[in-house]
Visitor: 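Below you will find the structure I want to go over with you.
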Amino acid sequence: MATTASRRPSAVTVTLAPIATGLAFALGRELPQGLHWQGIALQSPLVQAFLAGVLISFACRPPLARIAWSRAAAVGVAAALLLGIGPLPSWALAQLADALAIVALPYTLPRSAWPDLLGALLAAATLGLLLRPAGGTIGWASLVGRWRMRSPGTWLRWLGGLGLAAAALALAAGWLDTLLVAHSQPLLAPLLHPNPWLRLREVALGGGGAPSDGVAPLAAAGVTLAGALRAGALLLLLALRGVALVVPLVPLALVVRATPPQLALVFGIELFILGEFVPLMLQPPYPSTLWLIARTGLGLAQATALAAAAAIVLGEARPPATPPAADYDDTV
C-alpha cells in the first residue's frame, strides 16, 4: 500500500486526533439541538457522540495518515467518507421518495439532517488537519489525472454496478431480517428500521402510503402497474444510495497500491465503522444484547460483501506499479 515515509506515529496522531475528533463530532451533533448538560453519563447523547467520534478517528486514520495527501485533499477525502458512507444520503433519498409519493417517510428517520451534517463536517475538518502527513503532495489535480485514466463510460459501469450490488445486499439483508423476526422469537424486534425489503413489497403491492418499519400486512393482493413503477423508482433510489456508499472509496482506490484482499480490508473498515457501527452507537437503547449482536453481525456481513465487490471492481483503477516519486515514498 502506498504510504508516506516510515516514521513512528506522533502524539498528535495517536492521542490528540481521536480526542479532538470526538469533541468536534459531539459538538457538531449537539449544536443544532441545543447543548443540554445531562452530566457525564455513558448513555447520554453527548458522550455517545464523543465515543463515536473517537471510533471514527481510528477508522479513518489508515487512509488519511498513511497517504501523502495535501491539506485540502485530506479534508475533502475525510468529508467524502463521513458524508457518503454515513446516514445523510439515506436521509436525502427518503425525503425525495416521500416528496415524489413513492413511499412515506419512516418513523425512525430524523426530521432534520443538521446534526449529522454539522457533526460530519467538523469531524472531517479535524481529521484532515490532524492526520494529514507532513509534506503531502497528493492533491485534487493528482486525483483528477488518475480519474481520467479511465473513460467516463468505464466509471459509469463500475459505479452503477456497485450501486446495484449495494441495493441487492440491502434487500437481501431486509429479506433475512423478516425471516429472523418470524422464526427467532428471542430477537423480539426487527433488526432494520426501516426494512427495505418490506417497503419494496408494500410499494409494489399498492402500499407505501404510510410509514411501516416492521412486519406489517400488505395493502393489496397483487402487483399493479402503478405499484410496479413506484417499486422501480424505489429500486433506483436504493441503487443511488449504493453509489453514494462507494464513491468516497474511489480516491483511495486511485492512490492506494494494494492487493484486492488488502483493499477490501481498507474498504470494509470504512463501510462497517462509518456506515453501520457508528450510526448504531448513536441510537440506544437496544431491545436486547442478542438483538445488538445480530444487528452488528448483519451490518458486518453487508459491509464485508460490498467491500469485497468494490475491491475487485475499483482495484482496476489502482495506480501503475511505478507511480511518480512526488506522490509516493514506499520506504516502510
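No experiment lies behind these values; they were computed from the predicted model shown.
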Visitor: Would you give the length of the straight line joining atom CG of Leu192 to atom CG of Leu180, rounded to the nearest 0.5 angstrom?
Guide: 9.5 Å

Visitor: Would you mind telling me which of Leu131, Val77, Thr137 makes a side-chain contact (heavy atoms from CB on, under 4.5 Å) with Trp69?
Guide: Val77

Visitor: Measuring only between side-chain heavy atoms, which start at C-beta, is Leu96 closer than 4.5 Å to Leu100?
Guide: yes

Visitor: Does the side chain of Leu122 reach to within under 4.5 Å of the side chain of Phe25, using non-hydrogen atoms?
Guide: no

Visitor: Got a second to check how far Ile56's CD1 is from Leu274's CG, nearest 0.5 Å?
Guide: 6.0 Å

Visitor: Do the side chains of Leu127 and Val75 join up, straight or via other hydrophobic residues, at under 4.5 Å, putting them in one cluster?
Guide: no

Visitor: Would you list the pairs meeting salt bridge (charged side-chain N to carboxylate O under 4.0 Å, His left out) in which at least one residue belongs to residues 88-97, sequence neighbours left out?
Guide: none

Visitor: Backbone N or O of Pro190 within a donor-acceptor pair of the Trp291 side chain at under 3.5 Å?
Guide: yes

Visitor: Just how far is it from atom CD1 of Ile312 to atom CG of Leu162, taken to the nearest 0.5 Å?
Guide: 10.0 Å

Visitor: How long is the span from the CZ atom in Arg71 to the CG atom in Leu129, to the nearest 0.5 Å?
Guide: 6.0 Å

Visitor: Working to the nearest 0.5 angstrom, can you tell me the gap between Leu156 CG and Leu159 CG?
Guide: 7.5 Å

Visitor: Please report the shortest heavy-atom distance between Pro194 and Arg199, naming the atom on each side.
Guide: CB-CD, 3.3 Å

Visitor: Please examine the side chains of Leu280 and Leu292, heavy atoms only from C-beta on, and report whether any two atoms are closer than 4.5 Å.
Guide: yes

Visitor: Would you say Leu83 and Ile273 are hydrophobically clustered, going by side-chain heavy atoms of ILVMFWY under 4.5 Å?
Guide: no

Visitor: Going by the salt bridge (charged side-chain N to carboxylate O under 4.0 Å, His left out) test, which pairs reach into residues 266-281, not counting sequence neighbours?
Guide: Glu276-Arg295

Visitor: Can you name the residues that form a ring pair (Phe, Tyr, Trp, His ring centres under 6.0 Å) with Phe277, not counting sequence neighbours?
Guide: Phe272

Visitor: Between the side chains of Ser142 and Arg146, is a donor N or O closer than 3.5 angstrom to an acceptor N or O?
Guide: yes

Visitor: Pair up each side-chain donor or acceptor in residues 237-244 with any protein partner under 3.5 Å, not counting sequence neighbours, and list the distances.
Guide:
residue : atom : partner : partner atom : Å
Arg241  : NE   : Ser90   : OG           : 2.7
Arg241  : NH1  : Gly84   : O            : 3.0
Arg241  : NH2  : Ile85   : O            : 3.3
Arg241  : NH2  : Gly86   : O            : 2.7

Visitor: Taking C-beta and beyond as the side chain, do Phe267 and Leu252 meet within less than 4.5 Å on heavy atoms?
Guide: yes

Visitor: A side-chain contact here means heavy atoms from C-beta on lying under 4.5 Å apart; do Pro106 and His193 qualify?
Guide: no

Visitor: Is any side-chain heavy atom of Arg29 closer than 4.5 Å to a side-chain heavy atom of Asp116?
Guide: yes

Visitor: State, to 0.1 Å, how close Pro248 and Ala80 come at their nearest heavy-atom pair, and which atoms those are.
Guide: CG-O, 3.2 Å

Visitor: Check for me, please, whether Val103 and Leu229 land in the same ILVMFWY cluster - side-chain distances under 4.5 Å, paths through other members count.
Guide: no

Visitor: Verify the cluster assignment for Leu81 and Leu117: are they in a single hydrophobic cluster under the rule of side-chain heavy atoms below 4.5 Å apart?
Guide: no

Visitor: Determine the minimum heavy-atom distance between Ala65 and Pro133, stating which atoms define it.
Guide: O-CG, 3.3 Å

Visitor: Taking ring pair (Phe, Tyr, Trp, His ring centres under 6.0 Å) as the cut-off, I'd like each qualifying pair that reaches into residues 115-140, sequence neighbours left out, listed once.
Guide: none

Visitor: Taking all atoms of both residues into account, what is the closest heavy-atom pair of Ala49 and Leu282, and its distance?
Guide: CA-CD2, 3.7 Å

Visitor: Ignoring hydrogens, what is the shortest heavy-atom contact between Trp175 and Trp197? Give both atom names and the distance.
Guide: N-CB, 3.5 Å

Visitor: Going only through I, L, V, M, F, W and Y residues with side-chain contacts under 4.5 Å, is there a path from Leu164 to Leu249?
Guide: no

Visitor: What's the separation between atom CG in Leu200 and atom CG in Leu235, rounded to the nearest 0.5 Å?
Guide: 5.0 Å

Visitor: Under a 3.5 Å distance rule, please check whether Arg257 uses its side chain to pair with a backbone N or O of Val255 as donor and acceptor.
Guide: no

Visitor: Report, as yes or no, whether the 6.0 Å neighbourhood of atom CZ on Arg148 holds more than 12 heavy atoms from other residues, nucleotides or ligands.
Guide: no

Visitor: What heavy-atom pair brings Thr21 and Ala123 nearest, and what distance separates the two atoms?
Guide: CG2-CB, 4.1 Å

Visitor: Taking only residues two or more places apart in sequence, or in another chain, which ones meet Thr259 in a side chain to side chain donor-acceptor pair (under 3.5 Å)?
Guide: Gln262

Visitor: Counting N and O atoms only, with roles assigned by atom type, does the side chain of Trp91 sit under 3.5 Å from a partner on the main chain of Pro110, one being a donor and the other an acceptor?
Guide: yes

